[in-house]
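First the structure, in the form of structure tokens, and then the observations on it.
One is the number of the first residue; the rest follow in order along the sequence. Values below: every heavy atom of this structure, side chains too, minus hydrogens, waters and symmetry copies. Since the structure is predicted, the reported quantities are computational estimates derived from the model, not experimental observations.
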Amino acid sequence: MTPDDSRQAAVDAILPAGVQAPPFTLRSTPNQSFSLSDFRGRPVVLAFYPADWSPVCGDQMALYNEMREEFATYGAQLFGISVDGVWCHKAFADARRIQFPLLSDFEPKGEVSRSYGAYDRRDGMSARALFVIDGNGVIRWCYLSPTEVNPGADGILAALDELVSGDETSRRAEREVPVSAGLSSESADLGGDSMARGRPAGTSGEETSGEASAR
């Protein structure tokens with residue numbers, strides 16, 4: 001077994017897309033805590049990472065810090081999560097000027113990481129795992145990165161793009177009115193006839209009647 005295989009064997013399979021995200025409440029400072037349920041109705045990005053002061057983790061969290069405004073365009077709330085204590089988080093955030101919450105999965109150690117399958121049992125720390133959760137609390141995308149690799153943000157942004165695009169399509173579908181709704185049977189027939197000839201779906205009854213008169 002290679003070192004990489006050994007490390008992967010020490011990490012549970014992370015929760016897959018399509019399942020409900022486990023609830024949690026974790027502290028970010030001695031006096032402030034956050035719950036997943038507080039953000040119902042908006043996307044949440046969870047970035048589990050091994051340790052505050054490791055070079056790769058520092059670069060990863062610094063990158064996400066620089067992209068806060070881009071994440072905000074999707075209405076997404078970002079959290080970093082590791083097994084470090086709140087005072088360690090505070091010192092790390094101050095040193096790297098991190099301006100999004102770093103949550104302490106310290107005691108019971110790794111409890112939330114374990115619930116997401118993102119706990120490295122061999123080293124006793126969070127694995128480097130990413131989750132995008134939708135407004136209904138369902139995991140929509142996840143990724144387990146090798147510990148020594150900064151996974152960047154491309155996967156997160158692609159997942160948020162798909163999530164927001166899907167939500168907009170759903171809302172648009174709810175607002176659409178069938179072509180025949182509210183039309184006389186003659187107008188409905190005209191609409192169906194014009195659609196059969198390849199006219200765009202969603203043409204209003206008023207436009208159909210006007211075009212029928214023009215013909």
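Looking at residues two or more places apart in sequence or on another chain, you find no side chain to side chain donor-acceptor pair (under 3.5 Å) involving Ser54. Residues passing the side-chain contact (heavy atoms from CB on, under 4.5 Å) test with Ala93 are Ile98, Leu102, sequence neighbours excluded. Partners of Phe39 by side-chain contact (heavy atoms from CB on, under 4.5 Å), not counting sequence neighbours, listed by chain and number: Phe34, Arg42, Val44, Gln77, Phe79. The side chain to side chain donor-acceptor pair (under 3.5 Å) check on Asn65 picks up Arg68, with sequence neighbours excluded. The side chain to side chain donor-acceptor pair (under 3.5 Å) search around Asp161 returns Tyr74, not counting sequence neighbours. With sequence neighbours excluded, no residue forms a side chain to side chain donor-acceptor pair (under 3.5 Å) with Asn136.
Within 6.0 Å of atom CG in Asp94, more than 12 heavy atoms from other residues, nucleotides or ligands are found, so the atom counts as buried in its surroundings. Atom CD of Gln99 has more than 12 neighbouring heavy atoms from other residues, nucleotides or ligands inside a 6.0 Å radius.
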Checking side-chain hydrogen bond (donor to acceptor under 3.5 Å, both in side chains) for the pair Thr29/Asn31: CA distance, chi angles, key distance, verdict?
CA-CA 5 Å; Thr29 72; Asn31 301 313; 5.4 Å; no

Can you list the steps and then say if Leu78 with Tyr64 is a side-chain contact (heavy atoms from CB on, under 4.5 Å)?
CA-CA 8 Å; Leu78 170 67; Tyr64 296 163; 3.7 Å; yes

Start with the C-alpha distance between Leu63 and Met67, add both sets of side-chain angles, then the distance that settles side-chain contact (heavy atoms from CB on, under 4.5 Å), and finish with yes or no.
CA-CA 6 Å; Leu63 171 64; Met67 300 185 69; 3.9 Å; yes

side-chain contact (heavy atoms from CB on, under 4.5 Å) between His89 and Ser82, worked out:
CA-CA 9 Å; His89 274 337; Ser82 78; 3.0 Å; yes

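Counting all heavy atoms, side chain and backbone alike, Cys88 lies closest to Asp84 at SG-OD1, 3.8 Å. In plain terms, the two heavy atoms of Pro22 and Leu36 that are nearest each other are O-CD2, 3.6 Å. The two residues Ala129 and Ile14 come nearest to each other via the heavy atoms CB-CG2, 4.3 Å.
Put simply, the side chain of Val132 reaches to within 4.5 Å of the side chain of Leu163, judged on heavy atoms. Inter-residue side-chain proximity for Pro146 and Arg128 is flagged as unmet; no heavy-atom pair is nearer than 4.5 Å. You'll find the side chain of Cys57 stays beyond 4.5 Å of the side chain of Asn150, heavy atoms only. No side-chain heavy atom of Trp141 sits less than 4.5 Å from a side-chain heavy atom of Ile133.
When atom types are taken as modelled, the side chain of Ser115 and the backbone of Val112 share a donor-acceptor pair closer than 3.5 angstrom.
Note: Phe71 and Phe100 fail the aromatic proximity criterion, with ring centroids not under 6.0 Å apart. Aromatic pair Trp53/Phe92: ring centres closer than 6.0 Å.
In this structure, Leu130 CG and Cys142 SG are separated by 9.5 Å, a value rounded to the nearest 0.5 Å. Distance CD1/Ile81 to OG/Ser104: 10.0 Å, rounded to 0.5 Å. For the atom pair CG of Asp123 and CE of Met125, the computed distance is 4.5 Å after rounding to the nearest 0.5 Å. The structure places OG of Ser37 at 9.0 Å from CZ of Phe24, a figure rounded to the nearest 0.5 Å. Once rounded to the nearest 0.5 Å, the distance linking CZ of Arg140 with CG of Asp134 reads 5.0 Å. One finds the OG atom of Ser126 at 8.0 Å from the OH atom of Tyr119 (value rounded to the nearest 0.5 Å).
Residues Val19 and Leu46 fall within the same hydrophobic cluster, defined by Ile, Leu, Val, Met, Phe, Trp and Tyr side chains chained together at heavy-atom separations under 4.5 Å. No path of Ile, Leu, Val, Met, Phe, Trp and Tyr side chains, each step under 4.5 Å between heavy atoms, connects Trp87 with Leu103, placing them in separate hydrophobic clusters.
Relative orientation of the Phe131 and Phe48 rings is perpendicular, given thresholds of 30° and 60° on the angle between their planes.
Taking 4.0 Å as the cut-off between side-chain N and carboxylate O, Lys109 and Asp105 do not count as a salt-bridged pair.
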